[in-house]
Amino acid sequence: MGTANDSSKDISVRLAEKKPKVVFVLGGPGSGKGTQCEKIVQDFGYTHLSAGDLLRAEKNSGSENGIMIQNMMNEGKIVPSEVTIKLLQKAMLESGNDKFLIDGFPRNEENRAAFEAVTKIEPEFVLYFNCSEKEMERRILNRNQGREDDNIETIRKRFKVFLESSLPVIEYYKGKGKVREIDAAKPVEEVFEEVKGIFNPPEVRKVVGGRGWGRGCCAIL
Ligand SMILES: Nc1ncnc2c1ncn2[C@@H]1O[C@H](COP(=O)(O)OP(=O)(O)OP(=O)(O)O)[C@@H](O)[C@H]1O
Ligand SMILES: Nc1ccn([C@@H]2O[C@H](COP(=O)(O)O)[C@@H](O)[C@H]2O)c(=O)n1
Ligand SMILES: [Mg+2]
């Protein structure tokens with residue numbers, strides 16, 4: 001009788017053993033999630049996993065799910081959680097890291113509940129990039145990265161799905177006190193200043209002449 005080694009153990013078990021730290025990065029299409037994630041990676045050592053990028057790679061790999069993924073993306077619809085979660089789990093295990101920015105996931109209640117049930121991972125917090133539709137549309141139409149879904153018809157569908165399916169997920173995490181909301185309409189560097197404040201909160205510093213340890217505004221000893 002063989003013992004369970006690393007390769008035969010269920011992927012969820014192997015991932016749970018790593019006790020990964022997960023931050024969900026949410027916001028409307030074009031709000032700047034990918035742009036800010038790249039900067040967070042450089043400064044804070046996270047691995048960035050974009051659910052949309054993983055699905056695009058899966059589609060391009062010629063997988064059996066390729067046509068389904070392409071059809072869903074062209075309609076701005078959310079791919080069944082089972083597919084996306086498997087891709088995320090595989091990427092998390094392969095990364096060798098234990099700190100992840102999961103960008104563009106969970107996108108609806110099904111994504112959220114399935115991820116929790118399958119992985120048992122609770123996010124540390126949810127970074128929410130809030131931006132007007134007008135600005136997001138302008139950004140996407142100027143993106144020029146050859147994305148098939150960056151056309152006005154699909155963009156409008158993606159906005160509708162964001163309002164109807166993704167915002168309720170953000171509200172769910174607001175109810176749990178987990179949402180860190182960012183004004184994403186500002187220029188990239190200004191947005192990142194706000195983001196840094198979340199990943200790098202003011203140090204706990206000793207109060208000069210005070211009676212104990214305070215947070216934030218006091219001189220460092
Ligand atoms: N703060 C900003 N100000 C102006 N342009 C920005 C800003 N942030 C990102 N952009 C630009 O807007 C476009 C969309 O940004 P990005 O790809 O990061 O958005 P996203 O939220 O990941 O979108 P999607 O959900 O469609 O993947 C890119 O061309 C990017 O360079
Ligand atoms: N959880 C997700 C995330 C994305 N998709 C599909 O991919 C499209 C592009 O996503 P971006 O984050 O790169 O904008 C999106 O419109 C969905 O069709 C998904 O199904 N599930
Ligand atoms: Mg993106």
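Just so you know, ligand 1 is whichever comes first in the structure, and atom 1 is the first atom listed for that ligand.
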Can you pull out the closest protein heavy atom to [atom]? Residue, atom name and distance to 0.1 Å, please.
| atom | value |
| --- | --- |
| atom 2 (C) of ligand 2 | Gly104 O, 3.5 Å |
| atom 16 (O) of ligand 2 | Arg158 CG, 3.9 Å |
| atom 20 (P) of ligand 1 | Lys33 N, 3.6 Å |
| atom 23 (O) of ligand 1 | Gly30 N, 2.9 Å |
| atom 9 (C) of ligand 2 | Arg147 NH2, 3.5 Å |
| atom 7 (O) of ligand 2 | Met73 CE, 3.2 Å |
| atom 13 (O) of ligand 2 | Arg56 NH2, 2.8 Å |

For a quick test of reading the model, state the closest non-hydrogen atom pair linking [X] to [Y] and the distance between them.
| X | Y | value |
| --- | --- | --- |
| Phe105 | Phe24 | O-CD2, 3.2 Å |
| Met136 | Pro29 | CB-O, 3.2 Å |
| Leu49 | Met92 | CD1-CG, 3.5 Å |
| Leu55 | Thr84 | CD2-OG1, 3.9 Å |
| Ala91 | Leu54 | CB-CD2, 4.1 Å |

For [X], the ligand 2 atoms whose distance to one of its heavy atoms is below 4.0 Å:
| X | value |
| --- | --- |
| Ile78 | 20 (O), 21 (N) |
| Asn111 | 1 (N) |
| Phe105 | 1 (N) |
| Gly52 | 10 (O), 13 (O) |

Could you check which of [options] puts a non-hydrogen atom nearest to [atom]?
| atom | options | answer |
| --- | --- | --- |
| atom 9 (C) of ligand 1 | Thr35, Ile182, Asn144 | Thr35 |
| atom 17 (C) of ligand 2 | Lys157, Arg107, Arg112, Lys77 | Lys77 |
| atom 6 (C) of ligand 1 | Glu38, Arg139, Arg107 | Arg139 |

Report yes or no: does [X] have a heavy atom closer than 4.0 Å to ligand 1?
| X | answer |
| --- | --- |
| Arg158 | yes |
| Pro187 | yes |
| Gly104 | no |

Can you tell me if [X] has over 12 outside heavy atoms packed within less than 6.0 Å of its [atom1]?
| X | atom1 | result |
| --- | --- | --- |
| Glu64 | CD | no |
| Lys77 | NZ | no |
| Lys39 | NZ | yes |

>> In this structure, does ligand 2 have an atom that sits under 4.0 Å from one of the heavy atoms of Glu75?
In response: no

Any N or O on [X] sitting closer than 3.5 Å to an N or O of ligand 1?
| X | value |
| --- | --- |
| Asn142 | no |
| Gly34 | yes |
| Arg143 | yes |

Hey, is ligand 2 close enough to [X] that some N/O pair sits below 3.5 Å?
| X | value |
| --- | --- |
| Val79 | yes |
| Leu55 | no |
| Lys33 | no |
| Asp103 | no |
| Asp149 | no |

>> Side chain, backbone, both or neither: which applies to Arg147 and ligand 1 if a contact is any heavy-atom pair less than 4.0 Å apart?
In response: side chain

> Counting only heavy atoms, which portion of Lys186 has something under 4.0 Å from ligand 1: side chain, backbone, both, or neither?
Replying inline: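 Just the backbone.
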
Going from [atom1] on [X] to [atom2] on [Y], what distance comes out if it is rounded to the nearest 0.5 angstrom?
| X | Y | atom1 | atom2 | result |
| --- | --- | --- | --- | --- |
| Asp103 | Gln36 | CG | CD | 11.0 Å |
| Glu58 | Ser63 | CD | OG | 3.5 Å |
| Glu133 | Ile155 | CD | CD1 | 10.5 Å |
| Ile198 | Glu181 | CD1 | CD | 9.5 Å |

>> If we count only N and O atoms by modelled type, under 3.5 Å, do the side chains of Tyr128 and Arg180 hold a donor and an acceptor together?
In response: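 No pair is found: no donor N or O on one side chain lies under 3.5 Å from an acceptor on the other.
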
> Between Asn108 and Ser165, is any side-chain donor less than 3.5 angstrom from a side-chain acceptor?
Replying inline: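 Per modelled atom types, Asn108 and Ser165 side chains form no pair under 3.5 Å.
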
> Are any of the side-chain nitrogens in Glu82 or Lys86 under 4.0 Å away from the carboxylate oxygens of its partner?
Replying inline: yes

> Near Gly32, which atoms of ligand 1 are under 4.0 Å from a heavy atom of that residue?
Replying inline: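 Under 4.0 Å from Gly32, ligand 1 has these atoms: 8 (N), 9 (C), 15 (O), 16 (P), 18 (O), 19 (O), 20 (P), 21 (O).
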
> What atoms in ligand 1 come closer than 4.0 Å to a heavy atom of Ser31?
Replying inline: 21 (O)

> Side chains of Val25 and Ile102: closer than 4.5 Å at any heavy-atom pair?
Replying inline: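 Side-chain contact under 4.5 Å: no.
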
>> Just so I know, are the side chains of Ile40 and Phe199 near enough to count as touching, which here means a heavy-atom distance under 4.5 Å?
In response: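 Counting from C-beta outward, Ile40 and Phe199 do come under 4.5 Å.
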
